[in-house]
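In what follows, a structure is listed as structure tokens, so that the remarks can point back to it.
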Amino acid sequence: MATATLARQIGRAITNSTSAGNGWFNPHMAAASRAIAERIPLVDLVLEVRDARIPLSSEFDQLRNHTPLSKRIILFNKMDLANRSQLKDWMKYFKQNNRVSYGVNAHNNESIQQLLNFLQAQVRKLKKADHCHTTTILLVGIPNVGKSALANSLHRIGRISAAEKGKLKCATVSPHPGETKNISSLKIASHPNIYVLDTPGVLPPHISDNDVCIKLALTGTIQDSFAGEKELAQYFLAILNRSDEYKKWAKFSNSENEGSLANQYIESSTSSEIGMKRKNQYPTDHTQDFIVQEVRKTLFEMISSFDGDVEDERLIKEEIKAMGGAFHVPWESEEDAENKVAAKLLNLFRTGRLGHYILDCIPRKLQSCAISV
């Protein structure tokens, strides 16, 4: 099966990279790990931020032996990118296991306000006898789960709610893992005062589970260079092909202008492109709606019309080549074209433009999970 074969290939690539001494656990990450361990006993609450698409695989390993469950809350960030019904099942699972969890979208003001209200309620439970006590909350997690974005949003919304004035502080935010270098303190509420400590993302030095490695790489926690963009894009397509997400795109295939989207701009490389630029349509920008729609349409038609096992490597190779047309990538050099297609596909997956997924399986449902490998 393509998924299993790709999983072994990607797992070996990541293992070889880390065993060769070129892994992610550098001196900076080691220092951050020690600093976090020193602060855990000193704070009132620990917010473990996880990626909602991988509720288990994004666990912060360092907390296993450090934090009592009574002061630990699991935040599922990027909930807007995850399958909502499956995320509800995950939260029920954690509740059944006496774990407090909460779903959030760091880039949605309403979601952040609701999270802030939730945190203030948790603080009131802790500080019933002392309403003036300053509360400190430690934000921890693996790289690229959105800790700094959460800290900044809580700081901004909290200051608005408290009608405070003055210059906003900001934690460093980046789409690339490992950008936060230091622990920073941001105030998120008054009466009582609540501060969050934003920390650098930390991974264990070695991850022995190939399945976990792949999911971390696919969601952007592990840098693409460890696994290979092309291999990750193929792995995503294998997941897409056996999911129900592509079936939602049937409406693009049945549209009256189904054949016109691509033909409008690929017949000519001069006048049509100039016309599209005047309309703010650029064929090289894969994030534009009309390009994304063409990608969805192409993938739907290829998967639904394929006569055979949808995990067949032949289908995945055909999809990659077809994406070259949808993305308007020149197919002069096959390797270069495939790499460009892979980068664009991964970006659309990671930003939720190609469906909403949860890649982990609830332990009791492992046997029936469609995503596990």
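The aromatic rings of His286 and Phe327 sit perpendicular to each other, their planes meeting at more than 60°, with 30° as the lower class boundary. Taking the six-membered ring where tryptophan is involved, the planes of Phe236 and Phe349 are tilted, since the angle between them lies from 30° to 60°.
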Is there a side chain to side chain contact (heavy atoms under 4.5 Å, CB included) between Leu240 and Tyr246? Walk through the geometry before answering.
CA-CA 7 Å; Leu240 170 68; Tyr246 75 91; 4.0 Å; yes

Test Lys88 against Ser85 for side chain to side chain contact (heavy atoms under 4.5 Å, CB included), laying out the working first.
CA-CA 5 Å; Lys88 288 180 181 178; Ser85 63; 5.6 Å; no

**Criterion side-chain hydrogen bond (donor to acceptor under 3.5 Å, both in side chains) on Asn109 and Gln113, from CA distance to verdict** = CA-CA 6 Å; Asn109 289 344; Gln113 182 63 67; over 6 Å; no

**Report entry** Residues Glu301, Lys297; criterion salt bridge (charged side-chain N to carboxylate O under 4.0 Å, His left out); working and verdict
**Finding:** CA-CA 6 Å; Glu301 292 178 347; Lys297 169 183 173 293; 3.6 Å; yes

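Ring centroids of Trp90 and Tyr93 are separated by less than 6.0 Å, placing the two rings close together.
Taking OG1 from Thr298 and CD1 from Ile303, the interatomic distance works out to 10.5 Å, rounded to the nearest 0.5 Å. Distance CD1/Ile142 to OG1/Thr219: 6.5 Å, rounded to 0.5 Å. Rounding to the nearest 0.5 angstrom, the gap separating the CD1 atom in Ile112 from the CG atom in Leu154 is 5.0 Å. If you take CG on Leu87 and CZ on Arg84, they are separated by 9.0 Å, rounding to the nearest 0.5 Å. Distance check: Lys340 NZ to His328 NE2 gives 14.0 Å after rounding to the nearest 0.5 Å.
Using modelled atom types, one side-chain atom of Asn241 and one backbone atom of Val310 make a donor-acceptor pair closer than 3.5 Å. Although no hydrogens or angles enter the test, the distance criterion places a donor-acceptor pair under 3.5 Å between the side chain of Arg350 and the main chain of Leu218. A donor-acceptor contact shorter than 3.5 Å is absent between the side chain of Arg353 and the backbone of Asn347. Looking only at distances, no side-chain donor or acceptor of Asn193 sits under 3.5 Å from a matching main-chain atom of Lys187. A donor-acceptor pair under 3.5 Å links the side-chain atoms of Trp24 to the main chain of Pro204, judged by distance alone. Side chain of Thr199 to backbone of Leu139: a donor-acceptor contact under 3.5 angstrom is found. Side chain of Lys215 to backbone of Leu359: a donor-acceptor contact under 3.5 angstrom is found. In terms of modelled atom types and a separation under 3.5 Å, the side chain of Asp44 and the main chain of Thr136 share a donor-acceptor contact.
The existence of a salt bridge linking Asp360 and Arg50 is excluded, since no basic side-chain nitrogen approaches an acidic carboxylate oxygen closer than 4.0 Å. Electrostatic pairing of Lys230 and Glu335 does not count as a salt bridge here, judged by no charged N lying under 4.0 Å from a carboxylate O.
Two residues are said to be in side-chain contact when any heavy atoms from C-beta on lie closer than 4.5 Å; Lys344 and Met323 fail this criterion. Residues His356 and Gln86 are not in side-chain contact: their nearest non-hydrogen atoms beyond the backbone lie 4.5 Å or more apart. At a threshold of 4.5 Å between non-hydrogen side-chain atoms, the residues Val145 and Asn77 do not count as touching.
Checked against salt bridge (Lys or Arg N to Asp or Glu O under 4.0 Å), Arg314 has the following partners two or more places apart in sequence or in another chain: Asp312. For the side chain to side chain donor-acceptor pair (under 3.5 Å) test, residues two or more places apart in sequence or in another chain that qualify with Ser33 are Gln62.
With hydrophobic clusters built from ILVMFWY side chains whose heavy atoms lie under 4.5 angstrom apart, Tyr195 does not share a cluster with Ile36.
A cation-pi arrangement, defined by a distance under 6.0 Å to the six-membered ring centre and an angle within 45 degrees of its axis, is absent between Arg72 and Phe60.
Heavy atoms from other residues, nucleotides or ligands lying under 6.0 Å from CD of Glu110 number 12 at most.
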